[in-house]
Amino acid sequence: MFSRKIIRFLPAIMVLPVWLTIGLREDLLGSSFETYYPMTVAMIFGSMIAGSTPIGGGVIGFPVSVLLIGFTANQGRDFSLMIQSVGMTGASFLIFFDKFNLMMKYGDLVGTSVIFSLFGLVIGFKISIAPFVVMCIYTSTTAAFAIVLAYVDECLQKGDDEETFHSNEENSRSDSIGTEPKEQRDATRAEDIEEQRNDTIVTPEDQACTSKRDSTIDFILLAFFSLFGGIVSSQIGTGADITFYAFGSLIHNSRKYNKKMNGIDLTAASIVIMTSTSIFGTILRVSTTGTNAPTTEVYEALIASACIVIIGAPLGALFLSESNKNRLKILFYVLAFVQIVTFGIIKVKRNVLAWSMIGGFLAFICLSIAVMDCLVFKTNFGGTLSCIKNRKQCNTIIS
């Protein structure tokens, strides 16, 4: 049992000696901590968030490095990718160690998302965007994901729970009604069940056709979401994890014939995806030469924080349980609110165009969710209409 606990932190055991050797050899430990101690403190929380929520540590590293330390947007992006490639690797190792069946069940989704995220990353590195616009993208993306997460948690999941509760309640109530003779009630109920079965029967051919169509549409949407997430990651250092979580919550779980992913599995899969994206992005950035190469300041900030995240991220992954899910979501909501207020005060100020961009994007996200709620989640694609139908049919039986 003790050796199993030690193996969970094997990446930390391997990384810390390398970190210490490089720091001492290059004489960077003292100067790095002296200059970038705010980043060290911030990444204590950032690493825990990276290992336990569907957002990377870049959600802390990017704003702190840009708004507090004074990095440029590119430096903040480079730091976020590098620090996530360290910490989230430790978290992913722990996820594979404790949740090995996750890849067995959803390996095709994760693999597809990783591939298209990497394509998006390469494309994004070729795109030159003004630093201020990058900050707007970061703020908008984080706030939009907070909206998506709140919708999934407060509307979809609670709606399903309420429908299940009312359905069970009404079934129990129908069993307790005894105004008719037992034989008559049984005969009436049998007729209603048979009628319901005839109305809702789905042939294997219809099911196969629907499943194949949904799979094709889902693949295209997953590719689009992942490509977009990779492009966003190339600019702010995080994003591939957020877009996968949004896809899994709003698209994948809406299909009747898909194997549903709960919040814990979605979070774990998003961590693995962002880990792969961060490692690949770090390799691309470190191998870059010339004026576009990562600066010395980025490496010093990395030295000051690597020893924290390689331990903090796996510890955060240990919080991936149902009992801690609500605490983690509340923490994310608070962070999303704080970062948009901070960015608005420090950077946006009275820039009407910037506020219009952010507000327009968030309005588009809200409108998209409203449209999907009407067209998808309240149809037979896996939404609540089937539950509502069952409730009406149950009421008919009772009456």
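Every value quoted in this text rests on a predicted model; they were computed, and no experiment measured them.
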Between F116 and F219, how do the two ring planes meet: parallel, tilted or perpendicular, split at 30° and 60°? perpendicular

Stepwise ring-ring contact (aromatic ring centres under 6.0 Å, His included) check, F225 with F244: CA-CA 7 Å; F225 272 70; F244 178 81; 9.7 Å; no

I'd like to know whether CZ of R350 has more than 12 heavy-atom contacts from other residues, nucleotides or ligands below 6.0 angstrom. no

Let me know which of V114, T277, V110 forms a side-chain contact (heavy atoms from CB on, under 4.5 Å) with V272. V110

Is it true that a side-chain atom of R285 and a backbone atom of N292 form a donor plus acceptor pair closer than 3.5 Å? yes

Does atom CG (N101) have a neighbourhood of more than 12 heavy atoms from anything else shown, all under 6.0 Å? yes

Sequence neighbours left out, what passes side-chain contact (heavy atoms from CB on, under 4.5 Å) with F364? Give chain and number order. S368

Main chain of L29, side chain of S32: is a donor-acceptor contact present, judged purely on distance under 3.5 Å? no

Around F119, counting heavy atoms of other residues, nucleotides and ligands shown, do more than 12 lie under 6.0 Å from its CZ? no

If you count every heavy atom of other residues, nucleotides or ligands that lies below 6.0 Å from F228 atom CZ, does the total exceed 12? no

Are any of the side-chain nitrogens in D265 or K105 under 4.0 Å away from the carboxylate oxygens of its partner? yes

Mark yes or no for whether Q84, through its side chain, and G237, through its backbone, hold a donor-acceptor pair below 3.5 Å. yes

Applying a strict under-4.5 Å side-chain criterion to I, L, V, M, F, W and Y, I'd like to know whether V352 and L362 cluster together. no

Which is it for T275 and S92 under the side-chain hydrogen bond (donor to acceptor under 3.5 Å, both in side chains) test, yes or no, and what are the steps along the way? CA-CA 7 Å; T275 300; S92 295; 2.6 Å; yes

Are I123 and L222 connected in a single hydrophobic cluster, I mean Ile/Leu/Val/Met/Phe/Trp/Tyr linked by side-chain heavy atoms less than 4.5 Å apart? yes

Determine the minimum heavy-atom distance between V134 and F62, stating which atoms define it. CG1-CZ, 3.9 Å

